[in-house]
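Down below is the structure, laid out as structure tokens.
Computed from a prediction, not measured in an experiment: that's the story for all the values here. Hydrogens, waters and symmetry mates play no part in the numbers below; they use all other heavy atoms, side chains included. Residue numbers begin at 1 in each chain, while the letters A, B, ... track the order of the sequences.
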2 protein chains.
Amino acid sequence: MTTQDRLIETTRELLWERGYVGTSPKAIQQRAGVGQGSMYHHFTGKPDLAATALRRTAEQLRAGAGQLLAGPGTAYRRIEAYLLAERDVLRGCPIGGMTQDPEVVADPALRGPVQETFAWLGGRLAAVVAEGQAAGEFTADADPADLAAAVAAIVQGGYALARAAGSPEPFHQAVRGALALLRAR
Amino acid sequence: MTTQDRLIETTRELLWERGYVGTSPKAIQQRAGVGQGSMYHHFTGKPDLAATALRRTAEQLRAGAGQLLAGPGTAYRRIEAYLLAERDVLRGCPIGGMTQDPEVVADPALRGPVQETFAWLGGRLAAVVAEGQAAGEFTADADPADLAAAVAAIVQGGYALARAAGSPEPFHQAVRGALALLRAR
DNA sequence: GTCTATAATAGGATAGAC
DNA sequence: GTCTATCCTATTATAGAC
């Protein structure tokens with residue numbers, strides 16, 4: 001792995017663990033085992049490095065979710081697969097967590113990957129819901145985009161509840177609740 | 001308003017706007033218009049002041065939600081009232097947002113008010129759901145605690161989606177989706 | 001109670017040697 | 001490309017005067 005790559009991977013970890021404000025260049029350099037000079041040689045500064053790291057994280061998240069949602073099975077089964085995917089619940093979402101940081105939200109380069117990820121996810125989920133409605137699997141009296149947003153919110157909100165409780169259980173409750181509601185359609 | 005109160009109110013604002021890591025004692029003092037000495041006279045330090053501020057915010061949040069959930073009307077109407085309550089969506093939740101900060105999660109004095117708020121909210125929502133099931137308003141095939149967690153997660157997740165998008169719309173989509181699902185019970 | 005020093009450490013970056 | 005040295009500001013307090 002190149003020095004540049006180590007910087008990116010280390011930044012991805014730290015952003016996930018400590019958020020953007022909580023991640024200092026010094027901490028990145030120390031964990032990556034490189035001096036200051038290297039970091040500023042490859043990146044213009046912390047925002048540049050963080051944006052690069054976030055783009056990579058967003059890519060991987062989309063790849064994972066894309067697989068689950070494109071899989072075989074009914075619409076319900078695919079949404080279920082997405083909701084039941086294995087997650088390190090107490091670590092939270094490496095993309096969604098960024099929305100809490102005002103500096104991320106304020107900087108287009110940082111918010112970009114986050115915004116695009118959720119826009120993409122909403123679109124994919126809505127497409128699956130629409131397929132389910134077309135197949136008569138779900139009643140067609142709700143906007144697919146609304147149900148898609150609800151499913152995405154369950155995951156993001158589940159993380160928040162779990163971290164508040166110090167336990168993954170509230171996340172799983174929320175998912176079970178959402179699946180129970182979806183089955184009733 | 002006393003100096004102590006101004007410090008608490010200012011800290012509540014800053015915690016909401018910038019989170020715990022992003023809120024410095026100096027910023028609190030400047031916005032409150034008091035010197036360093038005053039802050040350290042009334043509070044042992046930033047964690048103490050922040051914990052006091054969070055307890056007050058938690059109280060107000062519970063008071064507001066409690067009113068909506070205890071109101072008249074069917075279980076569905078009360079949950080609807082909670083979900084449709086007016087919110088400054090792009091500001092996020094002043095309590096739920098704290099879960100993103102590792103220092104808050106790690107400090108029992110800081111996580112306490114957050115944990116208690118969601119524990120209380122989950123209990124209240126579950127009670128309303130249970131009433132709805134008892135009244136035949138909802139089918140009784142789902143655990144009230146699961147549906148309660150789902151409702152709470154919709155709100156918290158809705159904030160995250162909205163801030164990612166830079167628009168309140170995804171929050172409202174998620175709420176509409178959740179209400180559509182609840183109506184089908 | 002409140003204020004103004006003062007201080008040790010961290011944050012974020014630049015300069016220049018190698 | 002990578003490193004160390006240096007710089008300025010912010011952070012989070014403590015000390016002591018008023």
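Remark: Asp88(A) pairs with Arg91(A) by the side-chain contact (heavy atoms from CB on, under 4.5 Å) rule, at least two apart or across chains. For Arg183(A), the salt bridge (Lys or Arg N to Asp or Glu O under 4.0 Å) criterion is met by no residue, not counting sequence neighbours. When the side-chain contact (heavy atoms from CB on, under 4.5 Å) test is applied to Thr44(A), the partners found at least two apart in sequence or on another chain are Asp48(A). With sequence neighbours excluded, no residue forms a salt bridge (Lys or Arg N to Asp or Glu O under 4.0 Å) with Arg87(B). Judged as a salt bridge (Lys or Arg N to Asp or Glu O under 4.0 Å), and not counting sequence neighbours, Glu116(B) has no contacts. By the side-chain contact (heavy atoms from CB on, under 4.5 Å) test, Glu59(A) is found to be paired with Arg62(A), residues two or more places apart in sequence or in another chain being considered.
The separation between Phe43(B) atom CZ and dA13(D) atom P is 14 Å, rounded to whole Å. Atom NE2 in His42(A) sits roughly 17 Å away from atom P in dA13(C) (whole-Å rounding). Per the geometry, CE belonging to Met39(B) stands 10 Å off P belonging to dT14(D), to the nearest Å. One interatomic measurement links the two molecules: CD of Gln36(A) to P of dG12(C), which rounds to 11 Å at whole-angstrom precision. Atom NE2 in His41(A) sits about 5 Å away from atom C1' in dG1(D), given to the nearest Å. Computed from coordinates, the Tyr40(B) OH to dT14(D) C1' distance equals 9 Å when rounded to whole Å. Remark: P of dA10(C) and NZ of Lys46(A) are 16 Å apart, rounded to the nearest angstrom.
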Grab the N/O contacts between the protein and nucleotides 16-18 of chain C below 3.5 Å, and write none if there aren't any.
none

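Sorted by residue number, the list of members of residues 6-30 of chain A with any non-hydrogen atom under 4.0 Å from DNA chain D is empty. Within a heavy-atom distance below 4.0 Å of DNA chain D, no residue of residues 101-112 of chain B is found.
In this structure, Val21(A) belongs to a hydrophobic cluster whose other members, linked by side-chain heavy atoms under 4.5 Å apart, are Val21(B). Taking Ile, Leu, Val, Met, Phe, Trp and Tyr as hydrophobic and joining them when side-chain heavy atoms fall under 4.5 Å apart, one finds Met39(B) in a cluster with Leu7(B), Ile8(B), Leu14(B), Ile28(B), Val34(B), Tyr40(B), Phe43(B), Leu49(B). With a 4.5 Å cut-off between side-chain heavy atoms of Ile, Leu, Val, Met, Phe, Trp and Tyr, the cluster of Leu90(B) takes in none.
Close to dG1(D), at under 4.0 Å from its OP1 or OP2, lies no side-chain N or O of Thr3(A).
Minimum heavy-atom separation, Ala148(A) to Gly122(A): CB-O, 3.6 Å. Across all non-hydrogen atoms, the minimal contact from Ala51(B) to Leu110(B) is N-CD2, 3.6 Å.
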